[in-house]
Amino acid sequence: MRELIAQIDLNGIVNNFLTIKSFVQKRNPTCQIIAIVKADAYGHGAVEVARALESCNVYALGVAFFEEAVVLRHAGIKSKIIVLFDREVDGLFKYSLVPVIFDLKQAEVLSKEAYRRGVILPVHIKFETGMGRLGIYDNPFETIKKIAEMKNLKIEGVMTHLSKAEDKEWTQEQLKKFEAIKKFFHEIRLNKIRLNKTRLNKIRLNPIFHVSNSQGLAYDNALFDAVRPGLILYGYGFLDNLVPCMSVKTRLLD
């Protein structure tokens, strides 16, 4: 009988999570971890990995698509789950999920549905700064104001994605754009006159900012309010004391 077995070290994943947390919080004590468990936790088993991370009080879990989040909820995962790439609507409310908004139309649809249900929906907004993928890129400042004025949406997070974190010069250009977006949010929040004239409020305009993927952890100025480790969580990255968490075994034929 031929066998090929992948063994996953959940203790290793916990070790890596704590290693990442220690690393970032030495540089920013309030920085949180959004652990990426998309693609079945990169083949390591999303449910089992999510349970291990939940035991470590992870701030949030990140998945690519709605269906991945449903699997976690059905398995009893209670943590905040952020859906990075999807336009699902009804299921967000049913399973208490947090969507990432990447265009104005999507925000309008979610706002109308949240208003119809009489609930406040937390959302993260993604801005395009150089990845060339999903994200708001046209008139970002005007788009911020429009989304902030929408009924029943709470801007819980603001994000972008580093496209070439190994390229220091390009990464700093992306971070410069993201800093401008962050500054604009704070300017609106602190402008009492503008706040009194619109429906904007401090709660909606005091989000967490996050940009760093695994390689992005190398940049101190990219460690905002949260980071999004992916492969590094499973033992593949530049930090010391990481443990590779998967080993593949099989039988040798004589």
Side-chain angles (χ1 to χ4, degrees), residues 6-64 68-69 72 75 77-85 98 100 124 126 129 131 156-168 170-172 174-175 178-179 182 207-247:
Q7 293 183 338
I8 308 301
D9 181 3
L10 292 178
N11 290 329
I13 288 174
V14 169
N15 169 83
N16 296 342
F17 173 83
L18 295 176
T19 297
I20 295 165
K21 185 174 182 179
S22 175
F23 176 83
V24 299
Q25 291 192 346
K26 283 179 181 177
R27 291 154 178 78
N28 178 1
T30 62
C31 191
Q32 299 284 354
I33 308 294
I34 301 171
I36 304 303
V37 295
K38 66 181 182 179
D40 197 30
Y42 295 83
H44 292 73
V47 170
E48 293 81 4
V49 169
R51 286 173 179 157
L53 295 171
E54 201 164 51
S55 71
C56 299
N57 297 315
V58 65
Y59 170 75
L61 303 170
V63 300
E68 296 175 313
L72 297 181
I77 299 301
K78 304 297 183 184
S79 298
K80 182 194 303 290
I81 301 177
I82 301 173
V83 182
L84 298 171
F85 315 114
V98 180
V100 170
H124 288 223
K126 184 176 183 181
T129 60
M131 182 67 184
E156 181 183 86
V158 179
M159 64 180 287
T160 191
H161 192 75
L162 301 178
S163 61
K164 295 187 293 183
E166 69 280 2
D167 185 329
K168 294 182 179 180
W170 176 251
T171 296
Q172 292 305 325
Q174 285 194 260
L175 292 174
F178 193 65
E179 281 282 8
K182 181 180 178 182
I208 66 167
F209 293 83
H210 51 103
V211 55
S212 288
N213 52 10
S214 294
Q215 188 63 33
L217 299 178
Y219 299 90
D220 285 354
N221 64 331
L223 304 181
F224 291 91
D225 304 302
V227 295
R228 305 189 306 270
L231 281 177
I232 198 170
L233 186 64
Y234 306 96
Y236 308 99
F238 66 93
L239 297 182
D240 294 332
N241 302 318
L242 294 176
V243 177
C245 298
M246 179 186 292
S247 57

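Just the heavy atoms: all of them, side chains too, but no hydrogens, waters or symmetry mates, feed the values below.
Remark: the backbone N or O of Ile77 is not paired with any side-chain donor or acceptor of Glu54 at under 3.5 angstrom. Proximity of a side-chain donor or acceptor of Thr19 to a complementary backbone N or O of Asn15 within less than 3.5 Å is detected. Between the side chain of Glu48 and the backbone N or O of Leu10, no donor-acceptor pair lies under 3.5 Å. A donor-acceptor pair is defined here as one N or O able to donate and one able to accept, closer than 3.5 Å; no such pair exists between the side chain of Arg27 and the backbone of Leu217.
Listed by chain and residue number, nothing satisfies the ring-ring contact (aromatic ring centres under 6.0 Å, His included) test with His161 (two or more places apart in sequence, or in another chain). In terms of the side chain to side chain donor-acceptor pair (under 3.5 Å) criterion, Lys182 has no residue partners (sequence neighbours excluded). Ser214 is linked by a side chain to side chain donor-acceptor pair (under 3.5 Å) to nothing, counting only residues two or more places apart in sequence or in another chain.
In this structure, Ile13 and Tyr234 have side chains that are in contact, with non-hydrogen atoms separated by less than 4.5 Å.
Taking both residues in full, the closest heavy atoms of Cys245 and Val243 are given as SG-O, 3.1 Å, listed atom of the first, atom of the second, then distance. Between Thr160 and Lys126, the shortest heavy-atom contact is CA-CG, 4.5 Å. When every heavy atom of His210 is checked against every heavy atom of Ala226, the shortest pair comes out as CB-O, 3.2 Å.
In this structure, Ile20 CD1 and Leu242 CG are separated by 6.5 Å, a value rounded to the nearest 0.5 Å. The NE2 atom of His124 sits 5.0 Å away from the CD1 atom of Ile208 when rounded to the nearest 0.5 Å.
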